[in-house]
Colleague: 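This is the structure I want to talk about, given as structure tokens.
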Amino acid sequence: MNSESGRSGPGDGHGQLTAEPPPASRLRWVALGVLVLAVLLVGIDVTVLGLAAPFLSEDLRPSSTQLLWIGDVYSFVIAGLLVSMGSLGDRIGRKKLLLTGSVAFGALSLLTAYATSAETMILWRALMGVAGATLMPSTLALIRNIFPDPRERSLAVGIWGAMTAAGTAVGPVIGGFLLEHYWWGSVFLINLPVMAVLVVVGSKLLPESRNPSPGPWDLPSVALSMVGIIGVVYAVKEAAAYGVRWDVVAGAVIGVAALIAFVRRQLRLPSPLLDMRLFRNRGFTGAVLADLLTILGLSGLVFFLSQFFQMVQGRTPFQAGLAELPAALGSVAAGLAAGYVARRTSVRGSVAGGLLAVGLSLGACTWLQPSTGYWLLGSVLLVVGLGAGLAFTVTSDVILSAVPKEQAGAASAVSETAYELGAALGIALLGSVVTGVYRTFETPPGVPENSAEHARHSLGEAVETARTLPGGAGGRLLDVAQDTFAEGLRFGAGFGAVILLAAAGLAWHLLRDQKLGDVPQEQ
């Protein structure tokens, strides 16, 4: 194989990859199924906690801040490590990294399922993020190696994109079924058999590929990327929920300083973890931003509608999961059709149109009430899934084709970083707005102030507190909490709609004249 099967060192551009030949034709699709299992499972784990939140609140008693961290620390860590793990895969082999990470992911899933406190839950979820970061960077590069025929590869990337987007939406369906019949830890135990299949089948079918001379793995760059991403997101989340405090300012300053230092270091290194020159290309930069913002809208809405369906409208976990199924169906259908649509219309029209659909759907949620019928919510989720699946799959293709093919591995790591960071920011930003509004509800008549204060920690805490109050006090407390949560969701949806609509305009500008399969000239 030539360099099209992966990439050389990020700052090289001329090296040849060490690669095994692709598997036979029929086995390629089985191998693709293995890779899809990896990205689907990572996507599911981003949103599956949305349905489990009420049960976690009852069992582990986390504060509202701890509950947000349980939901988003996994994605924060993945986002911070993807580029670093992509670089590590170049050195030790992408197949080896994928299989090693799968074993670790399964073991940490077992520990997470039996967490005994909010603190240990956050720790295990963070370590799951480390393992998850080893799974994602190898997938696209391995697909390029498995499918040398461009037409087959195009379909394979479409399937990969559809499953990546669908993973975020299908998590609540699987989680809802499990929570209906088992305890909350079961949503993590499902990872074990999937990872076992991935390791057994993947070890036989996946070809190995690595860069024979990638340069050293730069640990200071790894640390800077982690500190930068987590510091900035922490500052945004805490400031939105609780206002500006000294730790918020410190987190922002440290995070921004670390990211600046990371960029400067990459520009100096002969073999950087991430070649910053990729961002000189307008199409590449526009696709990365669209990628991030698409998933931000999808994951944030799905996460909080899970709680709305259960704790406001009274659905069971499985019913709530089924209620969100239109988002999964829409994202899969749009992902499979994305390449055809982009070639028949235009890249910028497809991406901007997808972002516009997600933004308008979020805007429709600004009319959300506790009594809102499913006809509106189901339609919103379907349109969100269609828009997200279309935009995300096209941008993934653009990101790969907007750089020289020897840098495809670095480009795919950036794409996946945008995906994970978008999922984390969707939960953090929308969650911060929802939480900030929710904590302001007034104490209802006849409800002790200390009970109301407990209820303000989270909607799950309000449900539990209401059960302990005598007479009609519990019902009054729950009514106020549910109404305020819906109000917070309206504000959060409006905030997200503004971001997505602005992103649609930005994508229309940045992706003009962009074609699938183009290799750009130096900008």
Side-chain angles (χ1 to χ4, degrees), residues 45-77 108-109 111-129 171-172 175 178-179 182-188 230 233-234 236-238 240-242 245 247-248 251 299-300 302-312 317 320 423-424 426-441 450-468 477-478 481-482 484-485 488-489 492:
D45 270 71
V46 171
T47 55
V48 73
L49 276 183
L51 288 175
F55 301 89
L56 288 170
S57 297
E58 180 179 354
D59 194 8
L60 303 183
R61 316 294 287 187
S63 67
S64 57
T65 300
Q66 287 177 326
L67 189 60
L68 282 175
W69 275 110
I70 289 171
D72 59 32
V73 69
Y74 169 80
S75 291
F76 291 168
V77 174
L108 288 163
S109 297
L111 292 172
T112 305
Y114 292 97
T116 56
S117 68
E119 292 78 10
T120 56
M121 182 73 167
I122 293 171
L123 173 63
W124 298 137
R125 286 289 286 172
L127 292 176
M128 278 184 71
L178 293 171
L179 292 168
Y182 308 101
W183 100 113
W184 60 263
S186 63
V187 301
F188 300 106
I230 292 178
V233 175
Y234 172 82
V236 171
K237 179 173 70 70
E238 292 295 299
Y242 304 108
R245 305 187 307 262
D247 59 311
V248 172
S299 62
V302 168
F303 182 82
F304 288 100
L305 276 183
S306 296
Q307 298 180 54
F308 178 84
F309 281 138
Q310 288 182 87
M311 293 184 284
V312 176
I427 295 172
L429 292 178
L430 271 66
S432 297
V433 175
V434 173
T435 301
V437 173
Y438 175 78
R439 290 170 61 89
T440 64
F441 73 78
N450 64 331
S451 297
E453 191 57 37
H454 281 297
R456 291 188 185 101
H457 291 166
S458 68
L459 184 57
E461 191 76 19
V463 172
E464 293 303 312
T465 302
R467 292 173 181 169
T468 66
L477 175 63
L478 190 56
Q482 290 172 335
T484 311
F485 183 85
L489 194 50

Colleague: Ignoring hydrogens and angles, tell me if any N or O in the side chain of Arg125 forms a donor-acceptor pair with the backbone of Thr112 under 3.5 Å.
Modeller: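 Answer holds: no.
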Colleague: Can you list everything that forms a side chain to side chain donor-acceptor pair (under 3.5 Å) with Ser109? Sequence neighbours excluded, please.
Modeller: Asn191
Colleague: Determine, step by step, whether Trp184 and Leu60 satisfy the side chain to side chain contact (heavy atoms under 4.5 Å, CB included) criterion, reporting the C-alpha distance in whole Å, the side-chain angles of both residues, the deciding distance to 0.1 Å, and the verdict.
Modeller: CA-CA 11 Å; Trp184 60 263; Leu60 303 183; 4.2 Å; yes
Colleague: Calculate, to the nearest 0.5 Å, the distance between atoms CD and OH belonging to Gln482 and Tyr438 respectively.
Modeller: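 Nearest 0.5 Å value for the CD-OH distance: 9.0 Å.
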Colleague: Within the 4.5 Å heavy-atom criterion, are Leu127 and Val77 side-chain neighbours or not?
Modeller: no
Colleague: Could you pull out the closest heavy-atom pair between Val437 and Thr484, with the gap in Å?
Modeller: O-CG2, 3.5 Å
Colleague: Restricting to non-hydrogen atoms, name the atom on Tyr182 and the atom on Ser186 that form the minimum distance, rounded to 0.1 Å.
Modeller: CB-OG, 3.7 Å
Colleague: Given Phe308 and Phe485, is the side chain to side chain contact (heavy atoms under 4.5 Å, CB included) satisfied, shown in steps?
Modeller: CA-CA 8 Å; Phe308 178 84; Phe485 183 85; 4.2 Å; yes
Colleague: Could you tell me whether the side chain of Thr468 reaches within less than 4.5 Å of the side chain of Glu464, counting heavy atoms only?
Modeller: no
Colleague: At their closest point, which heavy atom of Ala455 faces which heavy atom of Thr465, and how far apart are they?
Modeller: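 Reported closest heavy-atom pair: N-OG1, 4.2 Å.
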Colleague: Considering non-hydrogen atoms only, spot the tightest contact between Arg61 and Glu461 and give its length.
Modeller: NH2-OE2, 3.2 Å
Colleague: Could you pull out the closest heavy-atom pair between Ala113 and Gly185, with the gap in Å?
Modeller: CB-O, 3.3 Å
Colleague: So, for Val434 and Gly488, which heavy atoms are closest and what is the spacing to 0.1 Å?
Modeller: CG2-O, 3.5 Å
Colleague: Please round to the nearest 0.5 Å and tell me the distance separating atom CD of Glu119 and atom CD1 of Ile70.
Modeller: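 Reported value, rounded in 0.5 Å steps: 8.5 Å.
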Colleague: Sequence neighbours excluded, which residues qualify as side chain to side chain donor-acceptor pair (under 3.5 Å) partners of Thr120?
Modeller: Ser117
Colleague: To the nearest 0.5 Å, tell me how far His454 NE2 sits from Leu477 CG.
Modeller: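 Here the interatomic distance stands at 11.5 Å.
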